[in-house]
Amino acid sequence: MSIPKNILIICIFGFVIRLWFSYSIPVNFDEAHNLLLARSSIFPVNVAIKNAYPPLFFSIWYLWQLVSYNIIWSRFLSVVFGSFSILITYIFLKKITSSRTATIASLLTAILPNHVFYTSIARMYAPGIFFATMFCLYTLMFIKEKRVSKGFFLVTLAGLYTHYYFILLWFLVTLSVVFFGHLDHHARKIWLGFSSLLFLFLIPLLYKILTITPIIGIITNPLIKLPLFFITPLAPWDIVQQLSIVRTQTLDLLSLIAICLGIFGSLTLMSYILNIRRLGLTSILVIVYISAPLLIWLLLHLGYALAGLRSFTIFFPIYIIVTAQIVNRLNIWSLYIVLVFITIASMCFCSLYILTRTGPFDPITSFYQNRTSEDTIAYSDIILYLPTLITNPHGTHALLHPGYLDSKTQGALGIITTSVDTLVPNMSLWYVKQHTNWIPFDQNADTIENYFKKKYRETERLTYDNFDLIRYDTSP
């Protein structure tokens, strides 16, 4: 099958923008946690599930990191998954709908910030999105052709062992196909047999999930999050949390573009609802996309420690597929206006984020760039400490409290905790005091600060949104 030149250009552009992101984005706690856990074992089932992750991502990245632990290399595999998602979207969707719809979907896959961000970092979202894209497209092909291929089975099984939200996706798609897919009796039996076989292969994972007590983090009010599933499908949650409109309630250009993307996402969602009867095959995916946040909210409300808005990225391929079909129904001028708007808005958002929130504009990155081997940096919590095990910045780094991680996870991550009493700093001691909004941890951070105040002289303090950088003179 020959690939049109415009699709190749879109794929190359998507690949380049992801490479740029993978080079520029600072490593955060979650990414460092996943990479370090992947280095511990080729199949760290128990530790992975205890930390709320299925094991397949860790097995893949364990093998990938045998070549190098370099962060750019670690992220490159995510870039590959993201770039192939662009091509796969076009190839499959062209068979199901039309060439123009497939082209629009591949363009959206290439440029939308949510997809770009999460396929540029070394986490399970890149393979998860890839498997979810193929799963959704295979589902549409099943409804059209009434047959299940080996590729469909393998992709779905891989997705189920990559991210828990894929299990929710599979569950909701199964319900929608069976009850709203307009299948005859024979086709319904094929789907139910397919799902039953998948369930048999899923039993080992479900057994582990039910028998291993996960580490529970802080769960914020799930009711507050519910509307955000519907109004922020385009901007990555990791970036949304850093916006000035969220942090300081001030409006800057990046926040303004994020609001515009949110409005666009809300309008497309309303279009889904208004046009659901005219969407044909993809109406099944609309039902899934609308009902998923309600199911997630219910599970959160019942006390299940599910990550929320960030993990909803697994459902993002549905947004792309359905939006492409909605946009394709517009007249030619409206279509061009929408595509030009979303392309410019997405690229401005991505560029502004890199140019104004990373590198020297990221406080912790800037802090590390000015450190030398003579500095000792002590951490009250693992949030900012763990990325140093990936990036290896200058200075001697010491963790004074392991946070919520248990001893097995600490061992798997290679974490060594230093007692504040036994810490022997160099002439320059920096204390990274993390604000966690978890009272026991914040009290422990205050206790460490009081210890340093009594023993050393504070010479400098830099205060940011969720941490303080405090410098002490340790000379006699």
Verdict with supporting geometry, Ile320 and Phe316, side chain to side chain contact (heavy atoms under 4.5 Å, CB included): CA-CA 7 Å; Ile320 290 174; Phe316 193 57; 3.7 Å; yes
Please walk me through it: do Leu140 and Ile321 pass side chain to side chain contact (heavy atoms under 4.5 Å, CB included)? CA-CA 11 Å; Leu140 296 180; Ile321 294 168; 4.1 Å; yes
Stepwise, does the side chain to side chain contact (heavy atoms under 4.5 Å, CB included) test hold for Leu335 with Val327? CA-CA 6 Å; Leu335 185 148; Val327 171; 4.1 Å; yes
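Classified by interplanar angle (parallel below 30°, tilted 30° to 60°, perpendicular above 60°), the ring pair His163/Tyr165 is perpendicular.
For the atom pair CG of Asn114 and OG1 of Thr109, the computed distance is 11.5 Å after rounding to the nearest 0.5 Å. Between the CG atom in Leu93 and the OG atom in Ser106 there is a gap of 9.0 Å [rounded to 0.5 Å]. Summarising the geometry, atom CG belonging to Leu243 is positioned 5.0 Å from atom CG belonging to Leu254; distances are rounded to the nearest 0.5 Å. Note that the CG atom of Leu107 and the CD1 atom of Ile86 stand 9.5 Å from one another [nearest 0.5 Å]. Of the inter-residue distances, the one linking Leu202 atom CG with Leu205 atom CG reads 5.5 Å to the nearest 0.5 angstrom. For the atom pair Leu330 CG and Ile337 CD1, the distance stands at 9.5 Å (nearest 0.5 Å).
Between Val155 and Met134, the shortest heavy-atom contact is CG1-CB, 3.6 Å. Scanning all heavy atoms of the two residues, the minimum distance from Leu234 to Leu261 falls at CD1-O, 3.4 Å. Nearest approach of Ser366 to Pro360, heavy atoms of both residues: CB-O, 3.7 Å.
For Gln434, the side chain to side chain donor-acceptor pair (under 3.5 Å) criterion is met by no residue, not counting sequence neighbours. Under the rule for a salt bridge (Lys or Arg N to Asp or Glu O under 4.0 Å), the partners of Arg247 that lie at least two apart in sequence or sit in another chain are Asp465. Under the ring pair (Phe, Tyr, Trp, His ring centres under 6.0 Å) criterion, Trp170 pairs with no residue at all, not counting sequence neighbours. Taking the ring pair (Phe, Tyr, Trp, His ring centres under 6.0 Å) definition, one finds that Phe135 meets it with Phe152, Phe166, sequence neighbours left out. Tyr272 meets the side chain to side chain donor-acceptor pair (under 3.5 Å) test with Thr323; sequence neighbours excluded. The side chain to side chain donor-acceptor pair (under 3.5 Å) test applied to Ser196 returns no partner, not counting sequence neighbours. With sequence neighbours excluded, the residues forming a ring pair (Phe, Tyr, Trp, His ring centres under 6.0 Å) with Phe29 are His33, listed by chain and number. Not counting sequence neighbours, the partners of Arg147 by the salt bridge (Lys or Arg N to Asp or Glu O under 4.0 Å) test are Glu145. Phe58 pairs by the ring pair (Phe, Tyr, Trp, His ring centres under 6.0 Å) definition with Tyr53, not counting sequence neighbours.
A 4.5 Å side-chain heavy-atom check between Ile383 and Phe467 finds every atom pair outside the cut-off. Using a 4.5 Å heavy-atom cutoff, the side chains of Leu413 and Ile382 are not in contact. Under the 4.5 Å side-chain criterion, counting only non-hydrogen atoms from C-beta, Pro113 is not in contact with Tyr353. Side-chain contact check for Arg123 versus Thr313: every heavy-atom pair is 4.5 Å or farther apart. By the 4.5 Å heavy-atom criterion applied to side chains, Thr358 and Thr365 are not counted as neighbours. With a 4.5 Å cut-off on side-chain heavy atoms, Phe315 and Leu172 count as touching. Between Phe81 and Thr119 the shortest side-chain heavy-atom distance does not fall below 4.5 Å. In this structure the side chain of Phe21 never reaches within 4.5 angstrom of the side chain of Ser78, judged on heavy atoms.
Of the residues Tyr138, Phe153, Phe142, the one that meets the ring pair (Phe, Tyr, Trp, His ring centres under 6.0 Å) test with Trp191 is Phe142. Applying side-chain contact (heavy atoms from CB on, under 4.5 Å) to Ser24 and the options Leu355, Ile354, Asp362 leaves one that passes, Ile354.
Inspection of the Asp381 and Thr436 side chains reveals no N or O donor paired with an N or O acceptor under 3.5 Å. Using modelled atom types and a 3.5 Å distance limit, the side chains of Thr268 and Tyr319 yield a donor-acceptor pair.
The backbone N or O of Phe76 sits nowhere less than 3.5 Å from a side-chain atom of Ser22 that would complete a donor-acceptor pair. A distance-only check finds no donor-acceptor pair linking the side chain of Ser83 to the backbone of Val80 [under 3.5 Å]. Ser291 contributes a side-chain N or O that, together with a main-chain N or O of Ile287, makes up a donor-acceptor pair within less than 3.5 Å. The backbone N or O of Val340 sits nowhere less than 3.5 Å from a side-chain atom of Thr343 that would complete a donor-acceptor pair. No side-chain donor-acceptor contact under 3.5 Å links Arg18 to the backbone of Val79.
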Give the table of side-chain donor-acceptor pairs shorter than 3.5 Å for residues 60-68, with sequence neighbours excluded, one pair per line with atom names and distance.
unit_1 : atom_1 : unit_2 : atom_2 : d
Trp61  : NE1    : Ser74  : O      : 2.8
Trp64  : NE1    : Trp73  : O      : 2.6
Gln65  : OE1    : Arg39  : NE     : 3.0
Gln65  : NE2    : Leu35  : O      : 3.3
Gln65  : NE2    : Trp61  : O      : 3.4
Ser68  : OG     : Asn70  : N      : 3.0

Solution key, residues 6-17 side-chain donor-acceptor pairs under 3.5 Å, sequence neighbours excluded:
none

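Environment of NZ in Lys189: sparse, with no more than 12 heavy atoms of neighbouring residues, nucleotides or ligands closer than 6.0 Å. For Tyr336, the OH atom sits in a loose shell: 12 or fewer heavy atoms of surrounding residues, nucleotides or ligands are nearer than 6.0 Å. Around atom CZ of Phe171, no more than 12 heavy atoms belonging to other residues, nucleotides or ligands sit under 6.0 Å away.
For the pair Lys95 and Phe92, the cation-pi test (distance below 6.0 Å, angle within 45°) is passed.
For residues 97-124, the set of pairs meeting the ring-ring contact (aromatic ring centres under 6.0 Å, His included) definition, not counting sequence neighbours, comprises Tyr118-Tyr125.
For Tyr289 and Phe312, the ring centers are positioned less than 6.0 Å apart.
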